[in-house]
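Here is the structure we will look at.
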Amino acid sequence: MVAKIIDGVAIAKAVRVGIAARAQALAARGIQPSLTVIVVGENPASAVYVRNKVRACGEAGIHSDVVHFPGDATEDQILSRIRALNADQTVHGILVQLPLPQHISVRRLLETIAVDKDVDGFHLYNVGGLVIGQTVFPPCTPYGVQKILEHENIEIEGKNVTVVGASNIVGKPMALMLMQREATVAICHAKTRDLAQYTILADIVVVAAGKPGLIVAPMIRTGAVVIDVGINFLPNGKLVGDVDFEGVRQKASYITPVPGGVGPMTVTMLLENTVAAAERATKAA
Ligand code: NAP
């Protein structure tokens, strides 16, 4: 069996057409969906991510602002800006670009963002909502994986899913979202003994560990769906995921490449959450 390679760029493009149409419909009513990104300090990787978000917003008809604080800004300065953005009715989405400098409490900042503007889905209310299936905004990366599975008509209900990686932003929410769709989910992490014992049983494997070459063909059941969230730069500068792509694609039924798989969907779901925030704010007004 040779896997179908899932084209995340094409899926993202198709989803973004719908998002842009919704943004246009709002604009026709005099409401421009708007996202504010808060950046603290200078981080080259963050600068690239923020540039991508701003460009994607522009292409979808979403207004975006970047509020850039110096690396020595105080927590209170940032918190008061977040409170002002919460009160600003022209702002529909607020996100804090992570990582933050050591002296800033990530949780305090995230908990200050109004729940109905928390388009990254990292506020405790949204995280808790995942447990009972009532999230206001699903976090963007797992939401993107879910969209990919839906787009490819891959059934989730009743399937065995193994999520490799248990971070708060990818692995754990991914597992909860798939459980909500009635999959049987195993979550693995760095201390999992015999990872292959879990992956080999899975109909769907979602890998988000940040370890190149972690998942190889003998760990995968013939015909499984393999979604690779990992982003790793090898010493030679090559970008790879966590899955041995060439080996695993000979055995899986579907596989996402890196780059061009999950990555383009993460920003897409940020756009989706921002437009959804604007639509809800309009209905509530
Ligand atoms: P993270 O916070 O470092 O978490 C990594 C998780 O993987 C942890 O739960 C860790 O276990 C687990 N892990 C590490 N080594 C493992 C091993 N050998 N076997 C099993 N589990 C292992 O990373 P993250 O933020 O979730 O991101 C994960 C990867 O996805 C990274 O490569 C990141 O760049 C990428 N990513 C991609 C996108 C995208 O848009 N495509 C978005 C976000 C992240 P412990 O909990 O035990 O430490």
Side-chain angles (χ1 to χ4, degrees), residues 5-9 11-12 15-16 37 43-46 48-53 55-56 95-100 106-107 110 119-122 127 130 137-149 161-178 185-202 205-216 218-220 226-235 237-245 248 255-273:
I5 298 172
I6 297 175
D7 185 346
V9 176
I11 300 172
V15 175
R16 286 184 199 198
V37 181
N43 176 314
S46 292
V48 174
Y49 291 135
V50 170
R51 255 202 317 275
N52 287 343
K53 287 171 188 174
R55 191 180 53 227
L95 80 79
V96 175
Q97 186 65 39
L98 303 178
L100 293 170
V106 176
R107 281 268 54 111
L110 296 180
V119 286
D120 250 349
F122 293 162
V127 175
L130 282 174
F137 298 109
C140 300
T141 302
Y143 195 12
V145 172
Q146 185 181 298
K147 276 276 175 221
I148 286 176
L149 296 174
V161 180
T162 296
V163 179
V164 181
S167 72
N168 290 337
I169 63 165
V170 188
K172 283 184 203 160
M174 183 81 259
L176 288 164
M177 287 165 79
L178 293 167
V185 182
I187 312 177
C188 302
H189 47 77
K191 295 198 177 65
T192 298
R193 282 187 286 124
D194 194 2
L195 181 61
Q197 182 185 315
Y198 294 91
T199 55
I200 198 77
L201 285 179
V205 182
V206 181
V207 193
K211 299 282 177 245
L214 180 65
I215 304 297
V216 291
M219 298 167 77
I220 296 296
V226 180
I227 306 290
D228 190 353
V229 182
I231 297 178
N232 308 288
F233 287 94
L234 298 181
K238 192 176 175 213
L239 172 61
V240 296
D242 292 348
V243 175
D244 167 24
F245 181 79
V248 170
I255 189 167
T256 57
V258 178
V262 175
M265 290 303 287
T266 295
V267 176
T268 302
M269 302 327 287
L270 173 66
L271 305 177
E272 159 72 36
N273 279 348

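Because the structure is predicted, anything quoted here is derived from the model rather than measured. Because only heavy atoms are used, hydrogens play no part in the values below, and waters and symmetry mates are left out as well, while side chains stay in. Whatever order the structure lists ligands and atoms in, that order sets their numbers, starting from 1. The first residue in the sequence is number 1, and the count goes up from there.
For the pair Phe245/Val240, no side-chain contact is recorded, criterion being any heavy-atom separation below 4.5 Å from C-beta on. A heavy-atom distance below 4.5 Å is found between the side chains of Cys140 and Asn273.
For Thr141 and Thr266, the side-chain atoms include at least one donor-acceptor pair closer than 3.5 Å.
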Please produce the table of protein N or O atoms sitting under 3.5 Å from N or O atoms belonging to ligand 1, one pair a line, distance to 0.1 Å.
from: ligand 1; atom 1: 9 (O); to: Ala166; atom 2: N; distance (Å): 2.7
from: ligand 1; atom 1: 11 (O); to: Ala190; atom 2: N; distance (Å): 3.0
from: ligand 1; atom 1: 21 (N); to: His189; atom 2: O; distance (Å): 3.4
from: ligand 1; atom 1: 21 (N); to: Ala190; atom 2: N; distance (Å): 3.4
from: ligand 1; atom 1: 26 (O); to: Ser167; atom 2: OG; distance (Å): 2.5
from: ligand 1; atom 1: 32 (O); to: Ile231; atom 2: N; distance (Å): 3.0
from: ligand 1; atom 1: 32 (O); to: Ile231; atom 2: O; distance (Å): 3.2
from: ligand 1; atom 1: 40 (O); to: Thr266; atom 2: OG1; distance (Å): 2.7
from: ligand 1; atom 1: 41 (N); to: Val229; atom 2: O; distance (Å): 3.4
from: ligand 1; atom 1: 47 (O); to: Ala190; atom 2: N; distance (Å): 3.1

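With Val9 as reference, Pro264 is the one residue of Pro259, Pro257, Pro264 to meet the side chain to side chain contact (heavy atoms under 4.5 Å, CB included) rule.
In Arg107, the CZ atom is crowded: over 12 heavy atoms of neighbouring residues, nucleotides or ligands sit closer than 6.0 Å.
When atom types are taken as modelled, the side chain of Thr256 and the backbone of Val262 share no donor-acceptor pair closer than 3.5 angstrom.
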